[in-house]
Number of protein chains: 2
Amino acid sequence: MKLVYKIWVEGKTKAFGEGPYKLLRKVEQLGSLNKAAQDMNMSYSKAWSIIKRAEKELGFKLVESNTGGVGGGGSRLTSQAKTMLTRYDEFHCEAGEILTKLYNKYFGELL
Amino acid sequence: MKLVYKIWVEGKTKAFGEGPYKLLRKVEQLGSLNKAAQDMNMSYSKAWSIIKRAEKELGFKLVESNTGGVGGGGSRLTSQAKTMLTRYDEFHCEAGEILTKLYNKYFGELL
DNA sequence: TAGCGTTATATTTATGTTCGAATAACGCTT
DNA sequence: AAGCGTTATTCGAACATAAATATAACGCTA
């Protein structure tokens, strides 16, 4: 038995959670949304819709893309996206530590 | 923008979270799984499967039921179920306070 | 023994999610 | 100008999950 938690930011609908986080990290690493999707065994169309939904909900752009050119183009993170990533990272990590302690306090001996 | 979180206990699959919690509270109050389901605008079969899955995963019974007899029968909580409810209550409440603080710390001025 | 309201369970239906294909545009390279 | 690999976008199909429905059993009551 273990604790599982999901945390996300929501406006009218889901805006930013673990899905966009992981995907953006891959985009940052590989410089391409297509490569990121492939690397995560995810269809390009799904990756694209994840980004678009998050952007629409947050109200600012997360990736800056070039189409065409050398290598066909690519995508890189906006500075706002980078801020979101670091904040989410810290938030999620700290939350995990605290929740684990709480879980042990209340369910540790029980389960 | 607001924070949304879901927390549950998991074995091989979801075992105990807010769904079972709310349902068991209603069963406790009404003495019947059927009445509890109706009160929550939920089909009986869904209510039943929620309880069964949780019991199977946790490894102990959550409700004790009589079928037939006066009033058709009914269901009441086991002592283990009562323990789960109080623990989950405290856990969820404390977690909520802490996560809200964390959210404000990391996203308060940003979103 | 017929009727009631419940628990118990399987089967069917509905809903939502994800994938994959199809199409177009873009700008560099050769 | 043709080819390449990418972004951009839409759409129906396939799959997975959730919910509703149907049926049976149970034990008291009258």
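Both backbone and side-chain heavy atoms feed into the values below; hydrogens, waters and symmetry mates do not. Computed from a predicted structure; not experimentally measured. Chain identifiers are assigned alphabetically (A, B, ...) following the order of the sequence lines, protein sequences preceding nucleic acid strands; residue numbering begins at 1 within each chain.
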Exercise for the section: Begin from the C-alpha positions of Phe16(A) and Tyr88(A) and carry the test ring pair (Phe, Tyr, Trp, His ring centres under 6.0 Å) through to its verdict. Expected result: CA-CA 9 Å; Phe16(A) 195 93; Tyr88(A) 187 82; 5.6 Å; yes
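- The distance between atom OH of Tyr44(B) and atom P of dA20(D), rounded to the nearest whole Å, is 15 Å.
- A donor-acceptor contact closer than 3.5 angstrom is absent between the side chains of Lys35(A) and Gln38(A).
- The distance from the CE atom of Met1(A) to the NZ atom of Lys12(B) is 10.0 Å, given to the nearest 0.5 Å.
- Distance Lys61(B) NZ to dT7(C) C1': 11 Å, rounded to the nearest Å.
- Residue pairs meeting the side-chain hydrogen bond (donor to acceptor under 3.5 Å, both in side chains) criterion with at least one partner in residues 93-103 of chain B, sequence neighbours excluded, are Lys105(A)-Glu94(B), Tyr106(A)-Glu94(B).
- Distance Lys56(B) NZ to dA8(C) P: 16 Å, rounded to the nearest Å.
- Looking at Glu57(B) and Arg53(B), no side-chain N of the basic residue comes within less than 4.0 Å of a carboxylate O on the acidic one, giving no salt bridge.
- A straight line from CD1 of Ile51(A) to P of dA8(D) spans 10 Å, rounded to a whole angstrom.
- Shown here are the ring pair (Phe, Tyr, Trp, His ring centres under 6.0 Å) partners of Phe60(A), two or more places apart in sequence or in another chain: there are none.
- Near DNA chain D, meaning a heavy atom under 4.0 Å from it, residues 33-40 of chain A has Leu33(A), Asn34(A), Lys35(A) in order of number.
- For Asp39(A) and Lys22(A), the salt-bridge test fails: no basic side-chain N is under 4.0 Å from an acidic carboxylate O.
- For the residue pair Leu99(A) and Phe91(B), the shortest heavy atom distance occurs at O-CE1, 4.0 Å.
- Between the side chain of Thr78(A) and the backbone N or O of Lys61(A), at least one donor-acceptor pair lies under 3.5 Å.
- At dT7(D), one or more side-chain N or O atoms of Ser32(A) fall inside 4.0 Å of OP1 or OP2 (strictly under the cut-off).
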Practice task
Quick one, give me the B/S/- string for nucleotides 10-21 of chain C, reading 5' to 3', where B means a protein heavy atom under 4.0 Å from the base and S means that only happens at the primed atoms, P, OP1 or OP2.
Solution key: B--------SB-
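- Listed in residue order, the members of residues 8-17 of chain A having a heavy atom less than 4.0 Å from DNA chain C come to none.
- The main-chain N or O of Leu23(A) is never found under 3.5 Å from a side-chain atom of Glu28(A) such that the two would form a donor-acceptor pair.
- Across the protein-nucleic acid pair, Ile50(B) atom CD1 and dT7(C) atom C1' stand 16 Å apart, rounded to whole Å.
- Atom CG of Leu62(B) is separated from atom CD of Gln80(B) by 8.0 Å, given to the nearest 0.5 angstrom.
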Can you tabulate the close N/O pairs, meaning under 3.5 Å, that link protein atoms to atoms of nucleotides 23-28 of chain D?
residue, atom, partner, partner atom, Å
dC26(D), O2, Thr67(B), OG1, 3.1
dC26(D), O2, Gly68(B), N, 3.0
dG27(D), O4', Gly69(B), N, 3.3
dG27(D), N3, Gly69(B), N, 3.0

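- Hydrophobic clustering of Ile, Leu, Val, Met, Phe, Trp and Tyr side chains at less than 4.5 Å, counting indirect connections, unites Tyr44(A) with Val63(A).
- Residues Gly17(B) and Pro20(B) share a closest heavy-atom pair of O-CD, 3.5 Å.
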